[in-house]
Participant: 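Sharing a structure with you now.
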Amino acid sequence: MGFWVFMLASSLATPAVMIGFGIWLQKHPPEKINMVYGYRTKMSMKNMQTWKTAHLYFGKQWKRVGWCIVPATLGVMAGLYGQGENAVGIGGAVLISAQMAALLLPIWMTERELRRKFDADGNPVERKPDEY
């Protein structure tokens, strides 16, 4: 039972970090473009408008994906309750690996959103009202 509790806590750490940092990035995005902290990609660092847009969108998506991972994690771990340490360890490792893949999904989503809203130089793309 102790190992199962450890694996439950370990597997809930990823969505907790995603939710926590997602909220943080939405409420406290870095004020200046920098190479140390924040959502740093070539597109997000074009100018302050792309920088702010990227942080707000990425924070929102990271939080959303984190919350989607929580019930899946609880379901998988509930299915492993009472199993042997080998089953719990392997199941937990597979679960955490899947979470790592989901952790990257908001990067793709954010880059897609930046390319939808800005051209390659970081200038806002003008859209007709029916294109939104």
Participant: Look at the side chain of W51 and the backbone N and O of P30, then say whether any donor-acceptor pair between them is shorter than 3.5 Å.
Facilitator: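 Answer holds: yes.
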Participant: Would you kindly confirm whether I19 and L8 end up in one hydrophobic cluster when ILVMFWY residues are joined by side chain heavy atoms under 4.5 Å apart?
Facilitator: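 I19 clusters together with L8.
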Participant: Is it the case that more than 12 heavy atoms not belonging to Y81 sit under 6.0 Å from its OH atom?
Facilitator: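 Open: at most 12 neighbouring heavy atoms sit under 6.0 Å from OH of Y81.
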Participant: Supply the atom-to-atom distance I107 CD1 to M109 CE, rounded to the nearest 0.5 angstrom.
Facilitator: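 If we round to the nearest 0.5 Å, I107:CD1 and M109:CE are 11.5 Å apart.
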Participant: Quick one: OG1 on T73 to CG on L95, what's the gap to the nearest 0.5 Å?
Facilitator: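 It is 4.5 Å, given to the nearest 0.5 Å.
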Participant: Could you report the tightest heavy-atom contact between T110 and A54, atom names first, then the distance?
Facilitator: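 Where T110 meets A54 most closely, the heavy atoms are CG2-O, 3.8 Å.
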Participant: Mark yes or no for whether Q99, through its side chain, and S11, through its backbone, hold a donor-acceptor pair below 3.5 Å.
Facilitator: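 Such a contact is found between Q99 side chain and S11 backbone.
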Participant: With the 4.5 Å side-chain cut-off for hydrophobic clustering, are M7 and V76 part of the same group?
Facilitator: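 Linked within one cluster.
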Participant: Report yes if some heavy atom in the side chain of T50 is under 4.5 Å from a heavy atom in the side chain of M45; otherwise report no.
Facilitator: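 A side-chain contact under 4.5 Å is absent here.
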Participant: Taking the six-membered ring of W67 (Phe, Tyr or Trp), confirm whether the NZ or CZ of R64 is under 6.0 Å from its centre and within 45° of its axis.
Facilitator: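 Not flagged: R64 not positioned over aromatic ring of W67.
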Participant: Can you list everything that forms a ring-ring contact (aromatic ring centres under 6.0 Å, His included) with F58? Sequence neighbours excluded, please.
Facilitator: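 Result, ring-ring contact (aromatic ring centres under 6.0 Å, His included) vs F58: Y39, W62.
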Participant: Taking I96 as the starting point, is it possible to reach V5 by hopping between hydrophobic residues whose side chains are less than 4.5 Å apart?
Facilitator: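 Same cluster.
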Participant: Closest heavy-atom contact between M43 and F118?
Facilitator: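 The answer is CE-CB, 3.6 Å.
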Participant: Report, as yes or no, whether the 6.0 Å neighbourhood of atom CE on M100 holds more than 12 heavy atoms from other residues, nucleotides or ligands.
Facilitator: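 Buried by this count: over 12 neighbours within 6.0 Å.
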Participant: Is the backbone of T41 close enough, under 3.5 Å, to the side chain of S44 for a donor and an acceptor to pair up by distance?
Facilitator: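 Here the side-chain-to-backbone pair exists.
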Participant: Okay, side chain of N47, backbone of Q49: is any donor-acceptor separation there less than 3.5 Å?
Facilitator: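 Such a contact is found between N47 side chain and Q49 backbone.
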Participant: Determine whether L12 and L74 satisfy the following criterion, side-chain contact (heavy atoms from CB on, under 4.5 Å), listing intermediate values before the conclusion.
Facilitator: CA-CA 8 Å; L12 287 173; L74 293 174; 4.2 Å; yes
Participant: Out of the candidates E111, E113, Q61, only one should pair with P106 under the side chain to side chain contact (heavy atoms under 4.5 Å, CB included) rule; please name it.
Facilitator: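 When E111, E113, Q61 are each tested with P106, the side chain to side chain contact (heavy atoms under 4.5 Å, CB included) holds only for Q61.
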Participant: Quick one, L80 and W4 - any side-chain contact, counting heavy atoms below 4.5 Å?
Facilitator: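 Result yes, sub-4.5 Å side-chain heavy-atom pair found.
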Participant: Where do Q83 and V88 come nearest, in terms of heavy atoms and distance?
Facilitator: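 Looks like O-CG2, 3.8 Å.
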Participant: Would you say the side-chain atoms of D119 pair up with the backbone N or O of V125, donor to acceptor, closer than 3.5 Å?
Facilitator: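 Side chain of D119 to backbone of V125, a donor-acceptor pair under 3.5 Å: no, none is there.
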Participant: In terms of hydrophobic clusters joined by side-chain contacts under 4.5 Å, are M18 and Y37 together?
Facilitator: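 Linked, M18 and Y37 end up in one cluster.
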Participant: Any luck finding a side-chain donor-acceptor pair between Q26 and K63 under 3.5 Å?
Facilitator: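 Q26 vs K63: donor-acceptor pair found between side chains.
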Participant: Which atom names give the shortest non-hydrogen contact between G59 and L25, and what distance separates them?
Facilitator: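 Nearest heavy atoms, G59 then L25: CA-CB, 4.2 Å.
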Participant: Enumerate the residue pairs fulfilling salt bridge (charged side-chain N to carboxylate O under 4.0 Å, His left out) with a member in residues 8-37, sequence neighbours excluded, ordered by first and then second residue.
Facilitator: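 Salt bridge (charged side-chain N to carboxylate O under 4.0 Å, His left out) check on residues 8-37 returns no pairs.
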Participant: Would you give the length of the straight line joining atom CD1 of I23 to atom NZ of K60, rounded to the nearest 0.5 angstrom?
Facilitator: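 Answer for the CD1-NZ pair, I23 versus K60, is 13.5 Å.
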Participant: Is the side chain of R40 donor-acceptor paired with the backbone N or O of G38 at a distance under 3.5 Å, no angle test?
Facilitator: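 Side chain of R40 to backbone of G38, a donor-acceptor pair under 3.5 Å: yes, one is there.
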Participant: Can you get from F6 to I90 by hopping between Ile, Leu, Val, Met, Phe, Trp and Tyr side chains that sit under 4.5 Å apart?
Facilitator: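 No: no chain of side-chain contacts under 4.5 Å links F6 to I90.
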